[in-house]
Amino acid sequence: MKKRKFGFALSLALAAGTILGACGTSNDEGQGSNKEGNKEEKPFSVAMVTDVGGVDDKSFNQSAWEGIEAFGKENGLEKGKGGYDYLQSQSDADYSTNLNNLARQDFDLVFGVGFLMEGAIGEIAAQQKENQFAIIDGVVEEDNVASILFKEQEAAFLAGVAAAQATKTDKIGFIGGMEIPVIERFEAGFLAGVQAVNPDIKVESNYSGAFDKAELGQSIASKMYSSGIDVIFHAAGGTGNGLFKEARDLKKKDPSRELWAIGVDSDQTAEGIVNIDGTDHNIIMTSAMKRVDNAVIDLSTKAKDGKFPGGETIVYGLAEDGVGLAPLNEELENKADIESAVADWTDKIKNGDLTIPETTEELKTFKAE
């Protein structure tokens with residue numbers, strides 16, 4: 001039976017401290033022992049398989065890779081076999097092959113990034129019982145797999161609060177990738193946040209059906225902005241880059257126009273810069289962050305120390321510093337008011353006074369108090 005573990009403490013400082021304390025080779029009880037059973041020590045190695053968004057998607061996959069890079073560098077590892085590495089998937093047909101390749105290269109821990117990799121992780125983990133695997137955003141019930149989930153709805157709720165405070169038209173947009181549970185958590189949380197501020201605001205949701213189609217993201221964003229929507233939040237991986245391009249183009253064309261985009265997974269502020277008459281502006285209001293990097297570092301460290309939580313599901317939320325909201329754009333005219341509102345709602349969530357809906361069905365009975 002799958003074990004679930006909640007309340008898992010996490011902070012970047014703690015993770016970094018743990019890593020520094022664990023630098024060197026694996027202990028005899030962990031993966032430092034080789035498969036023949038002797039006690040010869042070797043560096044603990046870790047790798048990941050991206051989904052189709054790619055390692056440089058400026059979002060979910062990139063955050064995971066940044067965590068692996070940080071872990072590798074802190075432990076004196078080199079990129080490549082025996083250290084830390086990744087394989088990029090061009091399509092979902094690559095998932096099983098890439099996972100199997102990394103396992104056969106004898107990486108001690110292999111991450112699969114994304115819900116869509118559940119089936120492939122389950123298949124390869126069942127075949128490679130001596131290897132350790134982890135899946136991000138999915139659950140696989142195998143003793144050699146650790147499942148990592150996030151309370152995306154909590155970060156999205158705060159993004160919804162910020163969007164509702166910033167809109168001038170009372171029209172807001174949401175662009176999703178594929179219709180899967182993790183994206184529904186983003187949507188439900190975002191809608192709940194908007195509703196908590198002003199239930200009369202209209203939110204239009206549109207799913208692109210892909211995480212790697214920037215042109216679709218731009219097309220959807222163009223229609224939304226044209227309809228009077230002035231704030232759009234995306235949870236669509238690389239598809240969301242199209243939202244940013246459309247917002248930048250519109251701002252460049254009409255500098256007086258007030259419009260915003262909200263990023264996801266990592267702080268995507270760098271994607272919103274627009275130079276107008278020699279002055280940089282930014283169309284990204286904030287980002288609903290999912291600290292995949294922190295989770296990767298934390299789990300890799302535990303596995304290295306012989307404490308791999310195989311068979312467990314670990315959930316990271318606001319209380320565990322696993323999700324959060326990126327700093328607000330300095331150009332927001334009511335930045336202080338938004339910050340105050342976000343802080344108040346954050347406290348309520350962390351204290352357990354408010355539970356954010358995970359599905360649009362739960363949203364129907366949600367009441368923010």
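For the numbers below, each heavy atom of this structure counts, side chains included, while hydrogens, waters and symmetry mates do not. The chain is numbered in sequence order, starting from 1.
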Phe190 vs Ile172, side-chain contact (heavy atoms from CB on, under 4.5 Å): CA-CA, chis, key distance, verdict
CA-CA 10 Å; Phe190 184 67; Ile172 292 173; 3.6 Å; yes
Begin with the C-alpha distance, continue with both residues' side-chain angles, and end with the deciding distance and a verdict on side-chain contact (heavy atoms from CB on, under 4.5 Å) for Lys304 and Phe71.
CA-CA 10 Å; Lys304 178 181 181 296; Phe71 174 84; 3.8 Å; yes
Test side-chain contact (heavy atoms from CB on, under 4.5 Å) on Ile136 and Phe150; report intermediate values, then the result.
CA-CA 9 Å; Ile136 297 172; Phe150 296 84; 3.9 Å; yes
Take Trp65 and Phe111, measure what ring pair (Phe, Tyr, Trp, His ring centres under 6.0 Å) needs, and give me the verdict at the end.
CA-CA 10 Å; Trp65 176 237; Phe111 286 88; over 10 Å; no
Start with the C-alpha gap between Asp321 and Asn294, add the side-chain angles, then the distance that decides, and say whether side-chain contact (heavy atoms from CB on, under 4.5 Å) holds.
CA-CA 9 Å; Asp321 294 326; Asn294 282 0; 5.8 Å; no
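Under the side-chain hydrogen bond (donor to acceptor under 3.5 Å, both in side chains) criterion, the residue pairs touching residues 193-205 are Glu187-Ser205, with sequence neighbours excluded. Residue pairs meeting the ring pair (Phe, Tyr, Trp, His ring centres under 6.0 Å) criterion with at least one member in residues 242-262, sequence neighbours excluded, are His234-Phe244. Residue pairs meeting the side-chain hydrogen bond (donor to acceptor under 3.5 Å, both in side chains) criterion with at least one partner in residues 165-178, sequence neighbours excluded, are Thr167-Asp230, Lys168-Glu258, Lys168-Glu333, Thr169-Asp230.
Between the side chain of Ser208 and the main chain of Gly176, a donor-acceptor pair closer than 3.5 Å is present. Side-chain atoms of Asp94 come within 3.5 Å of backbone N or O of Ser91 as a donor-acceptor pair. Remark: the backbone N or O of Ser266 is not paired with any side-chain donor or acceptor of Ser63 at under 3.5 angstrom. Of the possible polar contacts, one joining the Ser147 side chain to the Val140 backbone as a donor-acceptor pair under 3.5 Å is found. Counting only distance, with no hydrogens or angles, the side chain of Asn351 and the backbone of Asp347 share a donor-acceptor pair below 3.5 Å. Listed for the Asp305 side chain is no donor-acceptor partner under 3.5 Å among the backbone atoms of Lys307. Asp212 contributes no side-chain N or O that, together with a main-chain N or O of Gly238, makes up a donor-acceptor pair within less than 3.5 Å. Here the side chain of Glu154 pairs no donor or acceptor atom with the backbone of Gly324 at under 3.5 angstrom. Between the side chain of Ser287 and the backbone N or O of Gln268 there is at least one donor-acceptor pair closer than 3.5 Å. With Lys335 contributing its side chain and Asn329 its backbone, the two residues share no donor-acceptor pair below 3.5 Å.
At a threshold of 4.5 Å between non-hydrogen side-chain atoms, the residues Leu158 and Leu318 count as touching. Side-chain atoms of Ser45 and Leu77, non-hydrogen and from C-beta on, never get closer than 4.5 Å to each other. Taking 4.5 Å as the limit, every side-chain heavy atom of Lys151 sits out of range of all side-chain heavy atoms of Arg185. Side-chain contact check for Tyr95 versus Glu123: every heavy-atom pair is 4.5 Å or farther apart. Residues Ser89 and Val49 meet the side-chain proximity criterion, which asks for heavy atoms closer than 4.5 Å. Side-chain contact check for Tyr86 versus Lys79: some heavy-atom pair is nearer than 4.5 Å. Side-chain atoms of Ile232 and Glu246, non-hydrogen and from C-beta on, never get closer than 4.5 Å to each other. At a threshold of 4.5 Å between non-hydrogen side-chain atoms, the residues Asp137 and Phe60 count as touching.
Within a 6.0 Å radius of NZ in Lys348, other residues, nucleotides and ligands contribute more than 12 heavy atoms. Shown here is Lys367, whose NZ atom has no more than 12 heavy atoms of other residues, nucleotides or ligands within 6.0 Å. No more than 12 heavy-atom neighbours from other residues, nucleotides or ligands sit within 6.0 angstrom of CZ on Arg104. For CD of Glu215, the number of neighbouring non-hydrogen atoms (other residues, nucleotides, ligands) closer than 6.0 Å is greater than 12. Counting non-hydrogen atoms of other residues, nucleotides and ligands closer than 6.0 Å to CG of Asp143 gives a total of 12 or fewer. Counting non-hydrogen atoms of other residues, nucleotides and ligands closer than 6.0 Å to NZ of Lys213 gives a total of 12 or fewer.
Thr279 and Asp277 share no side-chain donor-acceptor pair at under 3.5 Å. In this model, a donor atom of one side chain and an acceptor atom of the other lie less than 3.5 Å apart for Asp51 and Asn61. Side-chain atoms of Asp108 and Gln132 form no donor-acceptor pair, as typed in the model, at a separation below 3.5 Å.
Across all non-hydrogen atoms, the minimal contact from Gln128 to Asn100 is NE2-OD1, 3.1 Å. Contact detail for Glu142 and Gly122: the closest heavy-atom pair is OE2-O, 4.2 Å. Considering all non-hydrogen atoms of both residues, Ala247 and Ile283 come closest at CB-CD1, 3.7 Å. The nearest pair of heavy atoms linking Leu99 to Phe133 is O-CE2, 4.4 Å. Heavy-atom minimum distance, Phe157 versus Ala196: CZ-CB, 3.8 Å. Minimum interatomic distance between Ala146 and Leu299 (heavy atoms only, all atoms of both residues): CB-CD2, 3.9 Å.
There is no path of hydrophobic side-chain contacts, each under 4.5 Å, that joins Val264 to Ile220. Ile175 and Phe211 are assigned to two separate hydrophobic clusters, defined by single-linkage of ILVMFWY side chains at heavy-atom distances under 4.5 Å. Taken together through direct or relayed side-chain contacts under 4.5 Å among Ile, Leu, Val, Met, Phe, Trp and Tyr, Val203 and Ile229 form parts of separate hydrophobic clusters. Hydrophobic clustering (ILVMFWY, side-chain heavy atoms < 4.5 Å, transitive): Leu149 and Met289 are in distinct clusters. Hydrophobic clustering places Leu332 together with Val194 (ILVMFWY residues linked when any side-chain heavy atoms are closer than 4.5 Å, directly or through intermediates).
The distance from the CG atom of Asn131 to the NZ atom of Lys129 is 11.5 Å, given to the nearest 0.5 Å. Remark: Leu328 CG to Ile262 CD1 distance equals 9.0 Å, nearest 0.5 Å. Between the NZ atom of Lys245 and the CD atom of Glu271 there is a distance of 13.0 Å, given to the nearest 0.5 Å. Between the CD1 atom in Ile183 and the CD atom in Glu152 there is a gap of 7.5 Å [rounded to 0.5 Å]. Here Glu141 contributes atom CD and Thr313 contributes atom OG1; the two are 7.5 Å apart, rounded to the nearest 0.5 Å. Expressed to the nearest 0.5 Å, how far OG1 of Thr301 lies from CZ of Phe44 amounts to 9.0 Å.
Residue Met224 is tested with Leu243, Asn206, Val231 for a side-chain contact (heavy atoms from CB on, under 4.5 Å); the sole match is Asn206.
Ring geometry for Phe233 versus Phe174: interplanar angle of 30 to 60°, hence tilted.
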